[in-house]
There are 2 protein chains.
Amino acid sequence: MSIFFSRQCEYALQSIIYLAQKKQGEMTTIKEISSHLNIPFHFLGKIFQKLSHKGLLHSMKGVSGGFWLAKPAEEIVLMDIIIAIDGSDIMNLCVLGYAECNGSSPCPMHNEWKTTKENFFASLSKKNILDVAKEIKKDGYRAA
Amino acid sequence: MSIFFSRQCEYALQSIIYLAQKKQGEMTTIKEISSHLNIPFHFLGKIFQKLSHKGLLHSMKGVSGGFWLAKPAEEIVLMDIIIAIDGSDIMNLCVLGYAECNGSSPCPMHNEWKTTKENFFASLSKKNILDVAKEIKKDGYRAA
DNA sequence: CGATAATCAGACAAATCCGTCTGAAATCGG
DNA sequence: CCGATTTCAGACGGATTTGTCTGATTATCG
């Protein structure tokens, strides 16, 4: 597991990156994704429900149903997925766990952590999943 | 809760920083720390046991017993505490959760994440708790 | 020695997160 | 229409982490 994100969030990221490797609008089933990425079937179902409710995915029931990206892949950035699943609180938590830590009353690690995390979140907000999918395909990295 | 560290680890960090504000070798009870920092009494007991076993704290039983730092505060860095409680695995986990991500087979966020975490862990390894304690005292930040 | 107050340690309870199971609803092909 | 396959949704089980309780052990002080 990552340090940073919940397991749900990791699964969501990997799955949406998987979808981004498909042709735009192509439908894919949970079954295919869960078996390719080794994600528990029903757990992924719940995650995709949440992503649908948040407007990142569309779905269709039935024998030839499945999920597809609600927007062109180049318009979805990694940060969108993270916020949809884990929420945006993760950007404002004190790294030492002090409840009263904030900009006006910073803990001793506040400023180091602030620049560190802002840089990282910025890069997550710049990375769209089309580019990510291309990198993965190019490197043969866990390719579909 | 922090993104990064377990609750145990946060409590350990806060408590040891608290101890570092005392005179060197001064003994302090769990009771005092747990009430000042709002940490569950017995939970802190277990955390301090672990820190004792790892050699960061010394302890004495009995009516005037308590805990004190095993080394001068300037020789203990935040990273020591983190590794004692959460272990050193946290430095090598893929941020997107890919099992096969590593230096020779990097995921699309691998390099960004690498610099992010290395910078941050480096600053945690530089910060000794005497300096941290001084900053806290100076700013009146959750002072004892 | 006896009362008190502290750590030590193991069992246990609660909460959270992860994962499973079951059935309903919808869609398609025959 | 019927059967197959898929999403949808809620209940449930399990694992891990967090937190509680109880009693044993040890040291101090009168």
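Chain letters run A, B, ... following the sequence lines, proteins first and then strands; every chain starts at 1.
- When the P atom of D:dT6 is taken as reference, atom CD1 of A:I33 falls 12 Å away, rounded to whole Å.
- In this structure, A:I85 places its CD1 atom 11 Å from P of C:dC18, rounding to the nearest Å.
- Within the structure, a side-chain polar atom (N or O) of B:Y11 is placed less than 4.0 Å from OP1 or OP2 of D:dG19.
- The base of D:dT7 has none of its N or O atoms less than 3.5 Å from a complementary donor or acceptor on the side chain of A:H42.
- Summary of helix geometry: the two end axes of the helix from C:dC1-D:dG30 to C:dG30-D:dC1, each defined by five base pairs via their C1' atoms, are inclined to each other by 0° (rounded to 10°).
- For the residue pair A:I33 and A:L19, the shortest heavy atom distance occurs at CD1-CD2, 4.0 Å.
- Contact annotation for B:H58: no contact, since no heavy-atom pair falls under 4.0 Å across all strands.
- The aromatic ring centres of B:F4 and B:F121 sit less than 6.0 Å apart.
- Residues satisfying the side-chain contact (heavy atoms from CB on, under 4.5 Å) criterion with B:T29, sequence neighbours excluded, are B:K31, B:E32.
- Distance B:K50 NZ to D:dT18 C1': 12 Å, rounded to the nearest Å.
- In this entry the distance linking CD of B:Q8 with P of D:dT20 reads 13 Å, nearest Å.
- Here D:dC8 presents its P atom at 7 Å from NE2 of A:H53, a figure rounded to the nearest Å.
- Looking at residues 59-71 of chain A, you'll see A:S59, A:M60, A:K61, A:G62, A:V63, A:G66, A:F67 sit with a heavy atom under 4.0 Å from some atom of DNA chain D.
- In this structure, A:L44 atom CG and C:dG19 atom C1' are separated by 12 Å, rounded to whole Å.
- Residues B:Q49 and A:P40 each lie close to DNA chain C; by heavy-atom proximity, the contact nearer the 5' end of the strand is made by B:Q49.
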